[in-house]
Amino acid sequence: MRPLLFLDVDGTLIPFGPTHPAAPGPDRIDRRITHRLAALPCALVWATTWTDPNRDLCPHLSWPPLPTTPFPDPTPAQLAEDRWFGLHWKTRALSTRAASSPFAWLDDELTTRDRDWLQHHHPAPTLLIRVDSARGVGSTELHALECWCAGVSRPPAAAPPAD
Ligand SMILES: [Mg+2]
């Protein structure tokens, strides 16, 4: 099964840098990293509030348009639960978007509370990687993703023959 990879943009794909400017641009994106992201055996999906990342980022990265993630308002009951757990506002929507598929998520704001909640509420494996917003996605995160994708994509081992 091909896992999804949800991609945040600000502070993840686009590093804020040490001075943390209000609006860093796509010229800060490391193309070596985006080449490796595109080569992963997973389906890239935007998980950002950028209005049109396919228009504003994909041409810059030589990427085809990617699917996006809707972020509908949670119901009052969901909102109360999300606040109780301390979930990131994207977490529930990403799980819904992935349905029964495994997914990885790169974001500079996710926390262990999101990992814990997904472990109990999402029906497939997940990998949540918190990115340092000053430097953005780097080789460490890519290596973790490559290892995880290889494990998730591997077909289950065949049962040993019965005696
Ligand atoms: Mg961010």
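Along the sequence shown, the residues carry numbers beginning at 1. Each ligand, and each atom within it, is numbered from 1 in the order the structure gives.
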Worksheet item: With respect to Trp50, which candidate in Asp56, Asp10, Asp8 satisfies the side chain to side chain donor-acceptor pair (under 3.5 Å) definition?
Response: Asp10
Discussion item. At less than 2.8 Å, would any N/O/S atom of Asp8, backbone or side chain, sit next to the Mg ion (ligand 1)?
Written reply: yes
Response to the item:
The angle formed at the Mg ion (ligand 1) by O of Asp10 and OD1 of Asp108 is about (to 10 degrees) 90°
Worksheet entry | Ion pair Glu141/Arg135, N-O distance below 4.0 Å | yes
Discussion item. Check Lys90 with Asp114, please: is the shortest side-chain N to carboxylate O separation under 4.0 Å?
Written reply: no
Item to complete: Report yes or no: does Glu109 have an N/O/S atom closer than 2.8 Å to the Mg ion (ligand 1)?
Response: no
Worksheet entry | Test salt bridge (charged side-chain N to carboxylate O under 4.0 Å, His left out) applied to Asp108 and Arg130, step by step | CA-CA 5 Å; Asp108 61 315; Arg130 183 177 172 122; over 6 Å; no
